[in-house]
Each structure stands twice: as structure tokens, then as C-alpha cells.
Amino acid sequence: MKTAPSNRPRPSDPALLPDSVPLLDVQRGNQPLSEEIIMAIRGVCDSGRFLYGPDVQQLEQSVAAICQTEHAIGCASGSDALLLALMALDIKPGDEVITPSFTFFATASCIWRLGARIVFADIEAETFNVDPERIEAAITPATKAILVVHLFGQCAQMDAIQAIARRHGVAVIEDGAQAIGAEFEGRAAGSMGDIGCFSFYPTKNLGGFGDGGMLTTNQEWLAKKLRQLAAHGMHTRYYHQMVGINSRLDSIQAAVLNVKVAQLGTWCQQRRANAARYLELFAHAGLDDWLQLPCEVPGRHHVWNQFTIRVPHGLRDGLREQLADQRIGTEIYYPLGLHQQECFRPLGYGPGSLPETERAAGEVLSLPIFPELTDAELQRVVQGTAEAVHLTRRAA
Ligand SMILES: *Cc1c(COP(=O)(O)O)cnc(C)c1O
């Protein structure tokens, strides 16, 4: 028997629609480029140049242009970029490196791996970025570098941080993994410190089909040393001046990224438009007295890798569950400060030692912000959040 065509009326409340809004859907960005990407991959396969090929050079040139730097050096991941940056600056046991605790693990693990001391600095409440005053307070005669993170796609206060670094004669490394294309007063992320570090992990604003990373610098000696360190420390084949690591960007990843990098400007604009639309919709929903919304500080060009709200203490996890029930994807970046991680317990940071970091870890919730979100989806996220806030408040 034939079933009658369904002509049930669609529910008018968008929150009741069966479609979900994922936190991130990489396929929507990749799909329209898939023919071009497959051709590019085939080109690498046909050439047989799987490492150090022209695709890698081309991507290095593109990233150097985006980051306004003289040099860009491909490597295997953002984590390796951070490790190589510290190795190039000769960070060793007995040295101290100041860095935020409210960041991804790789920012600090590279310091630990070299036997240096991780010195955590607390963050600013509004931007989640490292607080220059806390950096200054943490400087000692053993400080060798400040490892800044441009968290969620917005640059840290680089003018103040660079002034501190100059005053104390220490190096600055930028972890720009979440911030390719971001700017601080017209200067690009990755161009302000001695070395910039970038990641092409698939969830970043420029994501590959696997792991990949890039280093940027304006200093020729650093560019040479970074390239050498990423190739086992070899200067001429099989002659090693220093002990490096094996960290290369695959030609296949570079070929994929060369197709995608042409879209990066458009994607950043779409992320910025989505953020602006959220701020408008949240203000309209009257939730901005209850939720704290993220902001773009004047003079910074925010590229919105994440759109991260704060939920009043103790209510975040409940709100997140409500959103999951409505099939709205969220994530907690990050549920713990790194100083609270088990593996860094030997550093001796007790509860309350970084109060703003600990408060943020209990309150943050990241909402979908990827470029291809439709306006209906943005509206659905805000309406869904309003509904969830209502239920969470009633339960509280
Ligand atoms: C993703 C990320 C990294 C590490 O990059 P990988 O390419 O995954 O190794 C480092 N720092 C921050 C802030 C990141 O978000």
C-alpha cells in the first residue's frame, strides 16, 4: 500500500525542527572546493614530491603574506611549531617561560618538554587573553621568553606585552593557532613577536585534511635555524650542527591548504558577520544581562575561531545539557586551567592561584560560529539558548 505523502504542518518554533546545529561542520567549507582539492592532491601524487615540494613553498609564501612576515616555515603541527620556536631560542632547563594557563595543552607542554619551568600568568576577564600586568609580575632573572596566545581568534594586548619584553630583554613567541589573519592595531598575528606559531588542525580557521603547522618570523637567522631544527638540525645532507627533530609539512596537506587559503579572507568575514549577528540577536533576546557575551576590543581584528559566552557560575553545565537536548552543539574550551591539570601538579599551583582562569574554566561555553552557518541557524542557536536559560533559571 502506498503511504500518503506527509503534509503535516511544520512546527513554527525553529527550536522544534529536527535539524541540529553542529558546533562545527567542516564539510560545508570543504565540499564546494572538493573537485579542486582532489585535483591538487592528484598533482602531488603524480609529481611524487611528497615532502619539500613546490606546494609547501607556495603555502609558505601565502602564510608569510597573510602574517606580514619575511619568512614562513612549514612544519608538522602547531604543537611542533611551538616546540621548534622554543628550541630556536635555546630554551633549556633552568629557564622560565611565562604563558597563560587558560589555553590548549600544547602551549605549555613544549616548555615542559625542554625541561624549562612553566610560569603561568592569569588572564583578563573580558578577552580571556593573558593579562600583561600578570606577565610583568611574573618576570624573574630566569625569564627567557613570554609565550602569548591569541585565544579564540583575538590578539592579546601586544603593545603592553612587547614593552615588557623589551624592558626585560626577553623573547616573545605568539601562539596564533586560533588566530591566523587576526590583527592588533593593523599588525598581523605572527608578525609582532620574535616567532609566530600556527596550526592547520582541521578545526582551525584554516584547516587541512590532517595535521600541519607553520612558523613565521621577520628575523633571517631565526628562519634559518627553525628550518634546520625542523630537519633534524641538518645544514647539509647528513651533517648535523644541532639536534633537531623531524617535523615537515606534507606536500599533500600543503596542496589542500593552497586551495583553501584563497577562501580564508571570505571565511573570516563570514565568522565576523556571524559574531555581529549573534551580538545583535542576543541583545534583542534580552539575555545579555544574564549571559556575558564575547567582545571585540577596538583596534583588534578578531577572527572568531570560537564564540565563547560566560554562563553564571554553577549553571553552565545544565545550560549545555539543555542545548544538547535541542541538538545545538557546544563545547567547553577549556574545562580546566593547565595549572589544574594532573600532569602539571608538580609545578605547585594550588586552587585559587589563578582566579580569573579558574572562574573562566567554570563559566565558558563556545557556540557554533563557523562561516557557513545560515541566518536561520544563528537564530535557532539564540532562541534555543533563550529557552535553555529560561529552563535553567527555573531549575536553579
Ligand atoms: C590547536 C592549538 C595548538 C596545537 O596545534 P596542533 O596543530 O593541533 O598541534 C596549539 N595552541 C593552541 C592555542 C591551539 O588552539
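Ligands are counted one by one from 1 in listed order, and the atoms in each one are counted from 1 as well. Predicted model, so just to flag it, every value in this text is computed and none were measured.
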Just let me know how T103 lines up against ligand 1, side chain, backbone, both or neither, with a heavy-atom cut-off below 4.0 Å.
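For T103, the contact with ligand 1 is made by the side chain alone.
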To the nearest 0.1 Å, how far is [atom] from its closest protein heavy atom, and which atom is that?
| atom | answer |
| --- | --- |
| atom 4 (C) of ligand 1 | S79 OG, 3.6 Å |
| atom 3 (C) of ligand 1 | F104 CD2, 3.6 Å |
| atom 15 (O) of ligand 1 | K204 NZ, 2.6 Å |
| atom 13 (C) of ligand 1 | D175 OD2, 3.4 Å |

Interfacing atoms of ligand 1 (cut-off 4.0 Å, heavy-atom, [X]):
| X | answer |
| --- | --- |
| A177 | 2 (C), 3 (C), 10 (C), 11 (N), 12 (C), 14 (C), 15 (O) |
| G78 | 5 (O), 6 (P), 7 (O), 9 (O) |
| S77 | 7 (O), 9 (O) |

Is a donor from one side chain sitting under 3.5 angstrom from an acceptor on the other, for R49 and S251?
no
Can you name the closest pair of heavy atoms from E372 and D25 and give their distance?
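Here E372 and D25 meet closest at OE1-O, 4.5 Å.
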S199, A81, C110: member with heavy atom nearest to atom 7 (O) of ligand 1:
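Shortest heavy-atom distance from atom 7 (O) of ligand 1: S199.
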Any N or O on D80 sitting closer than 3.5 Å to an N or O of ligand 1?
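It does not: no N or O of D80 is found under 3.5 Å from an N or O of ligand 1.
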Check this for me - ligand 1, D211, N or O atoms closer than 3.5 angstrom, yes or no?
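By distance alone, the answer is no.
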Does L264 belong to the same Ile/Leu/Val/Met/Phe/Trp/Tyr cluster as V26, with side-chain heavy atoms less than 4.5 Å apart forming each link?
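Not linked; separate clusters.
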Can you tell whether the side chains of R320 and D317 come within less than 4.0 Å, N to carboxylate O?
no
When you check the gap from the basic side-chain N to the acidic O, do E136 and R167 get nearer than 4.0 Å?
yes
For residues 265-295, the ring pair (Phe, Tyr, Trp, His ring centres under 6.0 Å) pairs (sequence neighbours left out) are Y278-F282, Y278-F307
Give a yes or no on this: more than 12 heavy atoms of other residues, nucleotides or ligands lie within 6.0 Å of atom CZ of R28.
yes
Other residues, nucleotides and ligands only: do more than 12 of their heavy atoms fall within 6.0 Å of CD on E280?
yes
